[in-house]
Every structure is written in C-alpha cells, then in structure tokens.
Student: 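Take this structure, written in structure tokens, and hold onto it; I'll ask about it next.
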Amino acid sequence: MDRVRELDDRYRFMNAYAEGESHGEGLLRGYAVSVKDNVCVNGVESKAGSRILEGYVPPFDATVVAKSREEGAFIIGKTTQDEFGFGTFNVNTPYKIPLNPHDPERSTGGSSGGAACLTAVADFPHVAISESTGGSISCPASWCGVVGITPTYGRVSRWGLIDYANSLDKIGVMAKTVSEAAMFLGVISGQDEYDSTVLKAPVPDYTRMDSVEGMRIGVPQEYLGEGVDPKVEEQVWTAIKKLESKGASISEVSLPHTKYSLSSYYIIAMAEASTNLAKFSGLRYGLQKPIEGDFNQYFSKVRTEGMGDEAKRRVMLGTFTRMAGYRDAYYLKALKVRTRVIEDFKKAFKTVDVLAAPTMPVVAPRFDEIAMLEPIQHYMMDILTVAPNLAGVPMVTVPCGESDGMPVGLHLMADHLNEVKALEAAQGVEQA
Ligand code: GLN
C-alpha cells in the first residue's frame, strides 16, 4: 500500500507538472516542496535520520508544512540528514549517504545534506524545508552550490520539528535562487498558536529587495586568514568587491569572541540534545523491542540498537556537562560565553548592515578525507557558522564562485529580524 501511495503521489505531481497545472492556488502553486526528515509530515514516516524513530508516522503536519500546503505546495518527500542533525558531512546516518552533485566522491555537507543535494539537481520547480542548529542549512547549501536561508531564531514556528537543541533550532529554506528562497521564507514565517516562542513582529514581503547601493558591509577579521583555504578566500573577496562596485561600502570589523564560540556551541547544543534524546526510550515513539529486564535495561537495549555512535557520544558529553559539579564549569560558563558572542554581533550591527564572510572554510571535502578526521575535527569544520547560530541572527548563503570545480558560498549575516538586508546582499552577488 505504501508503494502504491508513493507511485500515486509521484504520478500526480509529474502529471500536474507536465501539464502546467497548479496544485491549487497560492504562492507555491507548481512547486514541489521537500521536507528535511526532522520535520513532521502527516502520514509520512518522520524519523530525523534515526533508527530509533523508525516506524514513527506523525498524525499531523508541522506548521511549516501546513503553511506550505496552504500556498498550494505539493509535498514531494523527506530528505536525508545526519542523525538528529548531529553532523557536518551527512555521514552520521544509518541510511544512504547523499553524494555531492558536483563530485560524487565528496560530501554534500550536513546536516541538511539531502535538502541541498535535491535543491541542486531538481529539474522541476522545487524549494526545500530544512533546519539549522549550528550551520546545517548554510554548510550543505554552500557545498552544493544553492541558496540557503537560516532565519532569525523565532521567526519561523518550530511546531512539528523533532528538536535537536531548542535554544538554537531554526527551520529555514533552500532554493536555487535568492528570490525563490525569499518567497518561500515569507510563506513559512510568522506567528503560530502552537509555538509561543515565535516572534510577534509582522512578516515583511521578503521578495521586495532593494539594491545594495549605500549598504554598509562589514568583513569580520576573525573569519578570514588562518584555517580558511586561500582559494576560497579569493572567491569571497571577488564577490565582496562586486558588491562594492555596485555601491556598497566595505569595512573591516571584529567579532572578538569568535574563538570561544565553537566550545560554547558544542557544550550548549549537546547539553540540550542529551535532554531531548531522553524521550526516545522505545516506549512511545518509533523502535520498540520485547520488554525484558527493568526499565534501564530495556532503554539501554533500544538505544544501543537505535542510536548511532555520534548520538551516543552526544548523550554522554551532554549529560556530563550538566552533571552536579561540572554544570558551573561547563554548561553555565558556555551560556555566559554565548552572551558575549551575541554582544559581538549587536555591536557590529551598530556600524554595518550586513557581515560578509566565507560560509565554510574549505570546499566540500572528499569522503576519504572525512574518514581520517577525529570527532573534534568534524566539530571544528563549523568554526564559521556556529557564532551566528549562537546569536540567533539571520544568515543567507549564496554561491559566489568555484574552487577546484566545487562551489564556494558567501555568508551574509544581518541583525535580528533583518533577513531582508542579507537577502539584498545575496541578490546583489547573484546578479553580479
Ligand atoms: N554540525 C553542527 C552539529 O553537529 C550543526 C548541525 C546542525 O545545525 N544541525 O551540531
């Protein structure tokens, strides 16, 4: 029956597309929308890339999915990801690893790897619902050469998202072009009676973008130089110069707490993740086993089988940083550092409209290179994306050139709720 339903869905979409028919009225008529596996779709298995949620079929749509349907979208399917979002290369998955569409020996990036890959290869109108905690939209979008928007924390409802770290999670979008991504962001943004953390600010028309003339662009000095591939840096500077030639002014700024952001991010993200994962015990959702022994024995058995190595590592590290005796030294200290990181951004946005930097320090690495990395080296790859994610500011990645035949992304970050500025800069690069 699943297969029949699947074929029926495909047929309806392909047929409607071939005939130029809309799937209803609205901004997304004619569009296929793919949904990252950690966002619930009514009647479709939604497991955040984890075996422990196998068989979980939500009886409801996440708000972003419901809003997409209201605008005439056709939900084409779920896209693969690192388990629960724990990763940067989409290799932390018990399922098939997505391959970079520009070179199948390289990673798509993660954790929204499937979303970025599909966005790059789709030869029909398509936009992707994806999600970022510490860079999971920007990283894969830049490595696959598409546009990704991570909105302000609280701009988009998280109702129906399978949480990674609640104080950091943002649902966002990917698309081939800036204008399609902006349009789609408008569709999914705004208040929701099911998520009281959504910001009350009205949703502007993101597709109304001005030129970059007069825009003040800051280049954070900590985001260039050591650790960034010079060939990536060259592409980034070329794009920034293009914005300058269109009338933007460029200045250097400093985000001095950048060097502490990685440790702060991983402590907070893992602490929150370890509490969220406690609900997956083989009783209410997904994977179940015959109950044997006491509860602890049963939970251990289900988690041993249902969770991958990285999820287990995060349960242990996250629990450790919250334990009595360590909480002050790690978790609470990380929260204080986070405040400093937020202050860095707030201060920078007093003098500039947008910050521009490389999205990732290198182009998509090859799988044989990834296999050589230690867990901490996986985490270090996020050095340029975790700070804006900790600060909850909006960011857009836009393709800005190539290095070794692989796409390079320019990262444009703006002040809270100022998505439109980052989009304007991104469109400036796209047009140039
Ligand atoms: N790579 C980061 C992590 O593993 C970010 C992932 C994400 O944004 N979901 O936590």
Side-chain angles (χ1 to χ4, degrees), residues 35-39 47-50 79-93 97-98 107-116 128-144 148-151 153 156 158 161-174 261-277 307-318 321 334 338 359-362 364-365 370 373-395 397 409 411 413:
V35 185
K36 185 174 177 177
D37 197 27
N38 60 1
V39 175
K47 53 194 185 317
S50 183
T79 53
T80 193
Q81 61 168 100
D82 284 292
E83 183 174 13
F84 290 114
F86 303 156
T88 308
F89 306 108
N90 213 140
V91 297
N92 295 335
T93 167
I97 294 172
S107 164
T108 53
S111 64
S112 314
I129 291 176
S130 47
E131 174 274 339
S132 172
T133 307
S136 279
I137 295 176
S138 294
C139 162
S142 75
W143 282 350
C144 291
I149 309 178
T150 307
Y153 178 81
V156 174
R158 286 181 289 126
L161 171 69
I162 301 168
D163 318 291
Y164 167 173
N166 310 52
S167 81
L168 291 156
D169 295 344
K170 284 99 32 195
I171 295 180
V173 304
M174 290 185 200
S261 58
L262 204 59
S263 14
S264 167
Y265 167 78
Y266 272 98
I267 289 170
I268 295 169
M270 289 188 193
E272 293 185 26
S274 66
T275 63
N276 278 324
L277 291 180
M307 285 183 188
D309 288 349
E310 187 57 29
K312 288 172 187 161
R313 182 176 295 116
R314 294 188 186 210
V315 169
M316 289 187 275
L317 288 170
T321 62
R338 183 181 192 174
T359 307
M360 297 300 288
V362 293
I370 295 167
L373 301 177
E374 295 292 326
I376 191 125
Q377 293 170 308
H378 283 231
Y379 305 159
M380 282 162 68
M381 190 59 78
D382 300 335
I383 182 70
L384 301 178
T385 58
V386 289
N389 275 279
L390 275 174
V393 296
M395 61 205 101
T397 181
H411 216 200
M413 299 158 267

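As the structure lists them, so they are numbered: ligands from 1, and atoms in each ligand from 1.
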Student: For Asn92 and Glu83, indicate whether the former's side chain and the latter's backbone hold a donor-acceptor pair under 3.5 Å.
Tutor: no
Student: Starting from atom 3 (C) of ligand 1, which protein heavy atom do you reach first, and at what distance in Å?
Tutor: Tyr266 OH, 3.3 Å
Student: Which atoms form the tightest heavy-atom contact between Asn90 and Thr108, and what is the distance?
Tutor: CB-OG1, 3.9 Å
Student: Can you list the atoms of ligand 1 that are under 4.0 Å from a heavy atom of Phe86?
Tutor: 4 (O)
Student: For atom 2 (C) of ligand 1, what's the nearest protein heavy-atom neighbour? Residue, atom name and distance, please.
Tutor: Asp382 OD2, 3.1 Å
Student: Distance only, no hydrogens: is a donor on one side chain within 3.5 Å (strictly under) of an acceptor on the other, for Arg338 and Ser167?
Tutor: yes
Student: Students should be able to answer this: which protein heavy-atom is nearest to atom 5 (C) of ligand 1, and at what distance?
Tutor: Tyr265 OH, 3.4 Å
Student: Could you pull out, from Phe84, Tyr164, Phe89, the option with a heavy atom nearest to atom 10 (O) of ligand 1?
Tutor: Tyr164
Student: Using a cut-off of 6.0 Å, state whether more than 12 heavy atoms not belonging to Asn166 lie near its atom CG.
Tutor: yes
Student: With heavy atoms under 4.0 Å as the rule, classify the contact between Glu310 and ligand 1 as side chain, backbone, both or neither.
Tutor: neither
Student: Check for me whether the distance between the ring centres of Tyr164 and Phe84 falls short of 6.0 Å.
Tutor: no
Student: Regarding atom 7 (C) of ligand 1: of the candidates Gly134, Gly87, Ser136, Ser130, which has the closest heavy atom?
Tutor: Ser136
Student: Would the distance check show the side chain of Ser112 and the main-chain N or O of Glu131 forming a donor-acceptor pair, the cut-off being under 3.5 Å?
Tutor: yes
